[in-house]
Amino acid sequence: MNSRRWLTGGLALLLIWSASACNYKAHFQRSAQDYSSRTHHDPKMRSVRSYGSTTRNPKQHDNRYFDYDSKLSYKVSTIPGVSSAIVMVTDKNAYAAILTDWSATGTKARGGPRTKEQDNTGTTDGVYNNDTGSPRWSYRKAATPYNSYFSHKDPSDISSELKQVIGETIRRTSGQKYAEVHISANQEFVNQLLEFAKADWGHRPLEPLLPEFNKLVKYTFAGGNEVPVPLYELGAEGT
């Protein structure tokens with residue numbers, strides 16, 4: 001009789017534990033700190049896609065002007081999983097350059113050692129470049145291969161859930177103002193967009209830089225053939 005009672009009690013506890021574990025998992029997947037579930041049940045994926053090419057306009061990246069948006073940059077940088085953000089807006093689009101961090105899970109679309117772009121082991125040795133032992137780094141760049149927050153080579157390398165949240169944040173904050181929202185964590189894109197932001201911060205006219213800006217976004221998001229050159233190499237940097 002006692003053994004049957006213990007068995008019944010044990011089964012009840014197991015069922016309670018299983019239900020609690022399932023509830024916790026579902027709660028976490030619905031939270032703002034998880035971008036790895038990517039199922040249609042996840043509330044982050046229920047709405048219409050908010051990012052990427054949606055208009056099918058071949059001239060969508062022929063922007064007439066561009067500006068740095070401090071409000072959107074700040075809003076995106078506060079999203080879990082994002083360490084920093086630069087958002088540029090145009091007459092048609094919003095462009096977000098981001099770096100990711102450890103504040104959320106599943107920020108990468110896929111795993112594996114080949115997707116890792118940063119070597120941060122130098123922080124434990126007190127150096128910047130762990131390969132050479134050099135303590136020096138370029139203060140010009142926001143994203144580097146060493147002791148940096150995380151970059152991702154291709155826009156498709158970022159979790160679709162994270163891009164959805166970023167796109168919705170930009171659209172909601174701007175009042176659905178932009179036809180397309182494009183997002184990248186590519187090192188070159190982040191660093192080059194930073195140069196355009198510096199030009200704006202320095203109150204320099206941005207109109208002369210528009211051809212270079214359009215070249216950058218076409219190359220990054222539309223497979224453009226012209227390789228963009230950093231502004232400081234052209235002698236047109238914002239610093």
Side-chain angles (χ1 to χ4, degrees), residues 60-77 82-101 116-120 122-123 127-158 166 170 178 180-239:
Q60 189 63 34
H61 298 289
D62 290 327
N63 303 289
R64 294 200 301 266
Y65 68 84
F66 74 97
D67 287 304
Y68 169 75
D69 193 303
S70 59
K71 181 178 181 180
L72 290 177
S73 298
Y74 173 75
K75 289 289 289 186
V76 173
S77 70
V82 178
S83 68
S84 57
I86 299 171
V87 179
M88 294 288 185
V89 296
T90 75
D91 55 301
K92 302 176 182 179
N93 309 310
Y95 298 94
I98 68 165
L99 294 175
T100 62
D101 60 19
K116 186 178 180 182
E117 297 192 1
Q118 272 67 40
D119 180 355
N120 293 332
T123 55
V127 299
Y128 162 67
N129 186 330
N130 201 48
D131 291 334
T132 65
S134 172
R136 301 179 182 276
W137 70 288
S138 173
Y139 290 92
R140 183 185 294 278
K141 297 180 179 181
T144 70
Y146 302 97
N147 295 346
S148 168
Y149 286 112
F150 306 122
S151 61
H152 309 274
K153 185 176 181 179
D154 190 84
S156 65
D157 293 334
I158 307 171
I166 293 172
I170 290 175
Y178 304 107
E180 292 187 353
V181 175
H182 294 274
I183 305 158
S184 176
N186 176 274
Q187 283 190 49
E188 281 300 313
F189 181 72
V190 170
N191 291 329
Q192 291 199 38
L193 209 65
L194 176 60
E195 294 301 319
F196 289 104
K198 289 178 183 178
D200 182 83
W201 300 337
H203 304 289
R204 291 168 172 78
L206 299 182
E207 185 177 357
L209 303 178
L210 181 61
E212 295 302 320
F213 177 83
N214 283 343
K215 185 188 299 184
L216 173 64
V217 295
K218 287 178 183 178
Y219 185 81
T220 305
F221 300 109
N225 295 322
E226 291 188 87
V227 179
V229 178
L231 293 183
Y232 57 83
E233 293 187 14
L234 296 173
E237 71 270 23
T239 57

Query raised in the report: Got a donor-acceptor contact below 3.5 angstrom from the N186 side chain to the D154 backbone?
Result: no

Can you name the nearest heavy-atom pair linking [X] to [Y], along with the distance?
X: T220; Y: P155; result: O-CG, 4.3 Å
X: G224; Y: Y219; result: O-CD1, 3.1 Å
X: F189; Y: A96; result: CE2-O, 3.8 Å
X: E212; Y: L231; result: CB-CD2, 4.2 Å
X: A142; Y: N191; result: N-OD1, 2.9 Å
X: P211; Y: P208; result: CD-O, 3.6 Å

Query - side-chain hydrogen bond (donor to acceptor under 3.5 Å, both in side chains) contacts touching residues 67-77 (sequence neighbours left out) - result: none

Between atom [atom1] of [X] and atom [atom2] of [Y], what is the distance when rounded to the nearest 0.5 Å?
X: I86; Y: L194; atom1: CD1; atom2: CG; result: 4.5 Å
X: I158; Y: I183; atom1: CD1; atom2: CD1; result: 7.0 Å
X: S83; Y: F150; atom1: OG; atom2: CZ; result: 8.5 Å
X: Q192; Y: Q187; atom1: CD; atom2: CD; result: 12.0 Å
X: K198; Y: R204; atom1: NZ; atom2: CZ; result: 10.5 Å
X: Y149; Y: T144; atom1: OH; atom2: OG1; result: 12.0 Å

Report summary line: Those residues at least two apart in sequence (or on a different chain) that pass salt bridge (charged side-chain N to carboxylate O under 4.0 Å, His left out) with D101 are none

Query - salt bridge (charged side-chain N to carboxylate O under 4.0 Å, His left out) partners for E180, two or more places apart - result: none

Report summary line: Hits for side chain to side chain donor-acceptor pair (under 3.5 Å) against T100, two or more places apart or cross-chain, chain-then-number order -> H152

Query raised in the report: Who passes side chain to side chain donor-acceptor pair (under 3.5 Å) against N93, sequence neighbours left out?
Result: Q60, N63, Y95

Requested in this report: Quick one: list whatever passes side-chain contact (heavy atoms from CB on, under 4.5 Å) with F66, sequence neighbours left out.
Outcome: M88, T90, F196, L206, L209, L210, F213

Query - D62 and K218 ion-paired at < 4.0 Å - result: yes

